[in-house]
Amino acid sequence: MVATSAVPALNEHERAVLRVLRDRGPMSPTLLAARLLRRPADVLALLADLAARGLLIVLQDPSTIDGQLVIPTVLGKRGVKRLV
């Protein structure tokens, strides 16, 4: 049986996203971009890639400024733990 829960390799920007979510908790993409000091469009592209790889999910949340909430998955949390 092949393990399917291996954490994929992460680049510097992907690690930064997961670290902020680990340290600050779930947040909107706009707030995440501000914490990372990155353009929102750049962060949205990172989020789409990380979500496609199963490292986080982006939920609809009307209570946030942009209507979305970013939450790391178990696999995403493992990726951050591996970096510590």
List, one per line, each side-chain donor-acceptor pair under 3.5 Å for residues 25-35, sequence neighbours excluded.
residue, atom, partner, partner atom, Å
Ser28, OG, Leu31, N, 3.1
Thr30, OG1, Asp66, OD2, 2.6

Sequence neighbours left out, what passes salt bridge (charged side-chain N to carboxylate O under 4.0 Å, His left out) with Asp42? Give chain and number order.
->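 Scan of Asp42 (salt bridge (charged side-chain N to carboxylate O under 4.0 Å, His left out), adjacent residues dropped) gives Arg38, Arg39.
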
Which residue pairs pass the salt bridge (charged side-chain N to carboxylate O under 4.0 Å, His left out) test when at least one of the two sits in residues 53-64, sequence neighbours left out?
->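 Sorted pair list: Glu14-Arg53, Asp49-Arg53.
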
Transitive ILVMFWY cluster of Leu59 at side-chain heavy atoms under 4.5 Å: who else is in it?
->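 The other cluster members (ILVMFWY side chains, heavy atoms under 4.5 Å, direct or chained) are Ile57, Leu69, Ile71.
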
side-chain contact (heavy atoms from CB on, under 4.5 Å) with His13: which of Val43, Leu46, Leu50?
->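 Filter result, single survivor: Leu46.
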
Gln68: what forms a side chain to side chain donor-acceptor pair (under 3.5 Å) with it, not counting sequence neighbours?
->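 Scan of Gln68 (side chain to side chain donor-acceptor pair (under 3.5 Å), adjacent residues dropped) gives none.
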
Which value, rounded to the nearest 0.5 Å, describes the distance between Leu56 atom CG and Leu75 atom CG?
->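 Atom-to-atom, Leu56:CG and Leu75:CG are 10.0 Å apart.
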
Taking only residues two or more places apart in sequence, or in another chain, which ones meet Asp23 in a side chain to side chain contact (heavy atoms under 4.5 Å, CB included)?
->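 Asp23 satisfies side chain to side chain contact (heavy atoms under 4.5 Å, CB included) with no residue once adjacent residues are dropped.
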
